[in-house]
K.L.:
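Here you go, one structure.
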Amino acid sequence: MNYFAYILINNIVPICIMIAVGVTMYRAFQLDIRTLSKLNFYVFSPALVFVKLYESEMSLSILMQVLLFFVIFFSLLFATIEVIIRIQKLQRGMRIAMRNSVIFYNSANYALPLNQTVFGGNAYTLAIQIVIMIMQTLIPNTYGIYTLNAHKASWKATMKTILSLPVIYAIPIALLLRYYHVPVPSSINIPLNYIANAFMATALLTLGVQLGAMKWTFQFSNVLLSNMLRLAIGPLLGFLVVWMLGIEGLTAKALVLSCAVPTSLSSVLLAIEYENEAEFSSQAVFTSTLFSMFTIPIVIYLLDFM
């Protein structure tokens, strides 16, 4: 019950308030969704990634173990989705949007505070979640963009688009500075933190603006399928992979919990930026966040049996 109350008060309610503000702002001022999207891609997201990675503490052994888990988990999740979307015979655009809504999950602004609450601020489990966050930042900005552009642009043009994204450079720079203990000058560090702290608000406002602009033709079956794959199949595969690898204790619990969070805002930002099923993506993020209030306490309860 404590976890249910925490998720409701600290995750669901604040998110819904920010989304409601975005909806209201769109209805009042007709905000430009593309401008908000570009701010997220080129300013706020790279700053958040840099700050989180630079401030994190993780050993090489943790990194390798978590990366092995992630590769196997991601591969199984991807394969499961491919089977289902082919059975469903979805059109190309919806196939990509459905896939993105499941494989891209909220490993930062939702999972980080959840991890710290469930594990009592444990630095070890936080390091595990940060590794997952790195991967969940890198993949949407590489593979995610490639799949959305491959059919309408050459390989060279697609790679140019990917390489133009600042987040691609923020990751290695942050890791190099962190491992070699190079201090970031305060004149740079202060604005970076200001911008990073603005990411969540801006991303949620963007989602609200997108929801406000929609006609709300609810794609019931597709959205529910996405939610089921993300919130139910995701953690089940997480349990399976830690069992396969023989991972136990806090490491196993942190990894499984990382698989149980709702769809990432990245799927919406990609859909808006590259004009691919933005309404479905927005609905998938919104509903999975709401339903996670019920599914995550179940996952947390099951962690006690590991």
Side-chain angles (χ1 to χ4, degrees), residues 66-107 110-111 131-155 158-159 161-162 218-245 255-289 291-292 295 299:
V66 176
L67 286 178
L68 176 61
F69 167 87
F70 182 83
V71 169
I72 297 174
F73 168 74
F74 188 86
S75 300
L76 289 175
L77 184 62
F78 192 96
T80 302
I81 298 165
E82 284 302 302
V83 170
I84 291 174
I85 62 179
R86 291 182 187 280
I87 292 173
Q88 293 291 108
K89 297 181 179 179
L90 301 177
Q91 297 297 315
R92 185 183 187 282
M94 180 55 73
R95 287 205 310 270
I96 294 171
M98 177 67 72
R99 189 185 299 123
N100 289 352
S101 73
V102 181
I103 63 176
F104 302 152
Y105 44 93
N106 198 335
S107 59
Y110 193 114
V131 176
I132 300 295
M133 184 194 76
I134 294 171
M135 299 306 296
Q136 275 292 318
T137 301
L138 184 61
I139 293 175
N141 288 282
T142 51
Y143 167 79
I145 292 175
Y146 173 77
T147 57
L148 286 166
N149 284 275
H151 71 292
K152 58 185 178 183
S154 66
W155 182 86
T158 301
M159 288 305 300
T161 299
I162 293 172
F218 195 71
Q219 304 183 39
F220 190 77
S221 60
N222 286 335
V223 170
L224 286 185
L225 176 61
S226 168
N227 289 174
M228 182 191 72
L229 289 169
R230 175 82 299 279
L231 299 175
I233 302 302
L236 283 175
L237 288 176
F239 278 111
L240 174 64
V241 175
V242 296
W243 174 76
M244 287 169 53
L245 296 177
L255 289 171
V256 171
L257 186 63
S258 75
C259 304
V261 293
T263 301
S264 172
L265 286 165
S266 296
S267 62
V268 175
L269 299 178
L270 283 169
I272 294 170
E273 181 68 15
Y274 298 101
E275 300 179 348
N276 184 75
E277 300 291 349
E279 291 202 13
F280 162 79
S281 299
S282 300
Q283 292 170 13
V285 170
F286 185 70
T287 55
S288 68
T289 302
F291 291 149
S292 70
T295 59
V299 173

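In this chain, residues are counted from 1 in sequence order.
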K.L.:
Working to the nearest 0.5 Å, report the span between CG of N100 and OG of S226.
P.N.:
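Here the interatomic distance stands at 10.0 Å.
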K.L.:
Any side-chain heavy-atom pair from V285 and P262 closer than 4.5 angstrom?
P.N.:
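V285 does not reach P262 side chain to side chain.
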K.L.:
Let me confirm one number: the CG-CG distance from L245 to L255, rounded to the nearest 0.5 Å.
P.N.:
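Answer rounded to 0.5 Å: 9.0 Å.
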K.L.:
Check whether any side-chain heavy atom of T295 lies under 4.5 Å from a side-chain heavy atom of S292, and answer yes or no.
P.N.:
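Result yes, sub-4.5 Å side-chain heavy-atom pair found.
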K.L.:
Mind running side-chain contact (heavy atoms from CB on, under 4.5 Å) on C259 and F239 for me, showing each step along the way?
P.N.:
CA-CA 9 Å; C259 304; F239 278 111; over 6 Å; no
K.L.:
Roughly how far apart are L229 CG and I85 CD1, rounded to 0.5 Å?
P.N.:
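Here the rounded value is 9.5 Å.
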K.L.:
Of all heavy-atom pairs between A111 and V261, which one has the smallest distance, and what is that distance?
P.N.:
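Closest approach of A111 to V261, heavy atoms only: CB-CG1, 3.8 Å.
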K.L.:
Under a 4.5 Å cut-off applied to non-hydrogen side-chain atoms, are R95 and R92 in contact?
P.N.:
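In contact.
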K.L.:
When you measure from the side chain of S281 to the backbone N and O of A278, does any donor-acceptor pair fall under 3.5 Å?
P.N.:
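Side chain of S281 to backbone of A278, a donor-acceptor pair under 3.5 Å: no, none is there.
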K.L.:
Could you pull out the closest heavy-atom pair between Q136 and F104, with the gap in Å?
P.N.:
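So the minimum-distance heavy-atom pair works out to OE1-CA, 3.2 Å.
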K.L.:
With respect to N227, which candidate in N222, T287, T289 satisfies the side-chain hydrogen bond (donor to acceptor under 3.5 Å, both in side chains) definition?
P.N.:
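Filter result, single survivor: T287.
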K.L.:
Any salt bridge (Lys or Arg N to Asp or Glu O under 4.0 Å) pairs touching residues 68-85, not counting sequence neighbours?
P.N.:
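Those involving residues 68-85 are E82-R86, E82-R99.
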K.L.:
So, does R230 use its side chain to make a donor-acceptor pair with the main chain of V102 at under 3.5 Å?
P.N.:
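Checking the backbone N and O of V102 against the side chain of R230, a donor-acceptor pair under 3.5 Å is found.
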K.L.:
Taking the inter-plane angle between the rings of F73 and Y105 on a 0 to 90° scale, is it parallel (under 30°), tilted (30 to 60°) or perpendicular (over 60°)?
P.N.:
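The rings of F73 and Y105 stand perpendicular, inter-plane angle above 60°.
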K.L.:
Ignoring hydrogens and geometry, is there a side-chain-to-backbone donor-acceptor pair from T263 to S101 under 3.5 Å?
P.N.:
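Confirmed, T263 side chain pairs with S101 backbone.
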K.L.:
Side-chain contact, heavy-atom cut-off 4.5 Å: M135 with V71?
P.N.:
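Result no, sub-4.5 Å side-chain heavy-atom pair not found.
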K.L.:
Hey, are the side chains of L237 and L240 touching, using non-hydrogen atoms and a 4.5 Å cut-off?
P.N.:
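Yes. Closest side-chain heavy atoms under 4.5 Å.
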K.L.:
With a 4.5 Å limit on heavy-atom distance, are the side chains of F69 and V256 in contact?
P.N.:
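Of all side-chain heavy-atom pairs linking V256 with F69, none is under 4.5 Å.
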K.L.:
Side chains of S258 and F70, heavy atoms from C-beta outward: is any pair under 4.5 Å?
P.N.:
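No, every pair of side-chain atoms sits at 4.5 Å or beyond.
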K.L.:
Output the distance between atom CG (L236) and atom CG (L76), rounded to the nearest 0.5 Å.
P.N.:
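If we round to the nearest 0.5 Å, L236:CG and L76:CG are 12.0 Å apart.
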K.L.:
Roughly how far apart are I103 CD1 and T80 OG1, rounded to 0.5 Å?
P.N.:
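It is 12.0 Å, given to the nearest 0.5 Å.
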